[in-house]
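The structure appears below as structure tokens.
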2 protein chains.
Amino acid sequence: MRIGELASRAKVSTRALRYYEEQGILSSERTPSGQRHYPESAVDRVRLIQQLYAAGLGSRMIASFLPCIDAKQAGPEMIERLRAERARITASAAELEEAGRKLDLLIELAAHPGKRHCPASLDAQSAGGDVAPA
Amino acid sequence: MRIGELASRAKVSTRALRYYEEQGILSSERTPSGQRHYPESAVDRVRLIQQLYAAGLGSRMIASFLPCIDAKQAGPEMIERLRAERARITASAAELEEAGRKLDLLIELAAHPGKRHCPASLDAQSAGGDVAPA
DNA sequence: GTAGAACTTGACGTTGACGTCAGAGGCAAA
DNA sequence: TTTGCCTCTGACGTCAACGTCAAGTTCTAC
């Protein structure tokens, strides 16, 4: 398929697809006239790329990971980087969860004013064990 | 406390603190000579701000939410925006989880080559119900 | 064969959360 | 009073993932 179809099927802009190619994370065949052609699998590939971006990975990191993903193998140094990113994602997910809980609490408080059944605070720490209010 | 102490205690740069003030999400008292002074509570406030940033909220959004957080109340329109952000965070967390699982799978495959006990694929969709390989 | 949609490369613009540098002033200790 | 660190206000720099023109080429449908 050509770039326009891939863009609409993967729900990204054509600009993004060309950018991915620039960054070396998406390849394409070229017709004699220079137009890009993609196989069906490119749709999933683009979605994977989008997901990695959403997980906070940058183009360089993605570019270094994709070959391993395709080959399903990686050297020990690469594995360490994978583990590091995985840890970052885990931490990031925990932060998201907590921010989400705080918003939930606020929504609860704001949507049902007067009902004081939630004694938790909205601010304060997240990993603080220091409890000494007096 | 002055800006330097707050910065080190909240683990952000002084530049960030001044930026927060510019954006109207962190206030300070001023000494006659113009230096900023913060109460103890500013540390938690800054951490809350950091957490909201980490959750993908921008300065404007945070600026609009903080008064509600302080007052523990919000109008119906604001509650809608809170719910919307909460939904965004939930979706974002799900994406993170899935990206994390994919990395886990790759790490597993790469760290223990030859052991083919995980038949799942690394690419492919996340919410696709279309199953028609023929 | 021709209009018009889709494609090409190239290059500058955008946005957000700061980093960084410059020049000037403030403050506590010696 | 001088030393040295802290703070102040601008103001420009940065980086990433694209957006957005511009000007030209190619494909498709009639």
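Computed from a prediction, not measured in an experiment: that's the story for all the values here. Reminder, nothing fancy here: chain letters follow the sequence lines and each chain counts from 1.
- Minimum atom distance to the side chain of A:Arg2 is reached by C:dA6, of the listed C:dA17, C:dA6, C:dT8.
- Which of D:dC8, D:dC18, C:dC18 sits closest to the side chain of B:Gln35 comes down to D:dC8.
- Taking both residues in full, the closest heavy atoms of B:Ser59 and B:Tyr53 are given as OG-OH, 2.7 Å, listed atom of the first, atom of the second, then distance.
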Subject >> Steps toward side-chain contact (heavy atoms from CB on, under 4.5 Å) verdict (B:Met78, B:Gln73) >> reply: CA-CA 9 Å; B:Met78 180 64 70; B:Gln73 60 179 304; over 6 Å; no

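- Each of A:Arg15, A:Arg45, A:Gln50 was checked for a side chain to side chain donor-acceptor pair (under 3.5 Å) with A:Tyr20, and the lone residue meeting it is A:Gln50.
- When heavy atoms are screened at a 4.0 angstrom cut-off, A:Arg18 is found touching base atoms of the nucleic acid.
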Subject >> Verdict with reasoning, B:Arg9 to B:Glu40, per salt bridge (charged side-chain N to carboxylate O under 4.0 Å, His left out) >> reply: CA-CA 10 Å; B:Arg9 295 221 301 182; B:Glu40 286 294 317; 2.5 Å; yes

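- Two residues, A:Leu17 and B:Glu5, neighbour DNA chain D, and the one matched to the more 5' nucleotide by heavy-atom proximity is B:Glu5.
- For the pair B:Tyr19 and C:dA17, the criterion of a side-chain N or O lying under 4.0 Å from OP1 or OP2 is met.
- Separating the CZ atom of B:Arg60 from the C1' atom of C:dC18 is a distance of 16 Å, rounded to the nearest angstrom.
- Between B:Gly4 and B:Thr14, the shortest heavy-atom contact is CA-CG2, 4.2 Å.
- Spacing between atom CD of B:Glu22 and atom P of C:dG16 amounts to 13 Å, rounded to whole angstrom units.
- No engagement by B:Thr14 is indicated, since no non-hydrogen atom pair under 4.0 Å with the nucleic acid exists.
- Under 4.0 angstrom from either OP1 or OP2 of D:dC8 there lies at least one side-chain N or O belonging to B:Arg36.
- Of the charged side-chain nitrogens involved, at least one lies within less than 4.0 Å of a carboxylate oxygen, so that A:Arg83 and A:Glu80 count as a salt-bridged pair.
- Proximity of B:Tyr20 to the phosphate of C:dC18: a side-chain N or O atom is located under 4.0 Å from OP1 or OP2.
- Comparing B:Ala16 and A:His37 by the nucleotide of DNA chain C that holds the closest heavy atom to each, the one mapping nearer the 5' end is A:His37.
- To the nearest 0.5 Å, the span separating NE2 on A:His37 from CG on A:Leu6 amounts to 11.5 Å.
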Is there any protein nitrogen or oxygen under 3.5 Å from a nitrogen or oxygen in nucleotides 20-24 of chain C, and what are the pairs?
| residue | atom | partner | partner atom | Å |
| --- | --- | --- | --- | --- |
| C:dT20 | O4 | B:Arg15 | NE | 3.1 |

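- Between A:Ser33 and C:dT8, a side-chain N or O to OP1/OP2 separation shorter than 4.0 Å is absent.
- For B:Ser13, counting side-chain heavy atoms from C-beta on, the closest listed nucleotide (C:dC18, D:dT7, D:dC18) is C:dC18.
- Within 4.0 Å (heavy atoms only), B:Leu57 reaches sugar-phosphate atoms of the nucleic acid but no base atom.
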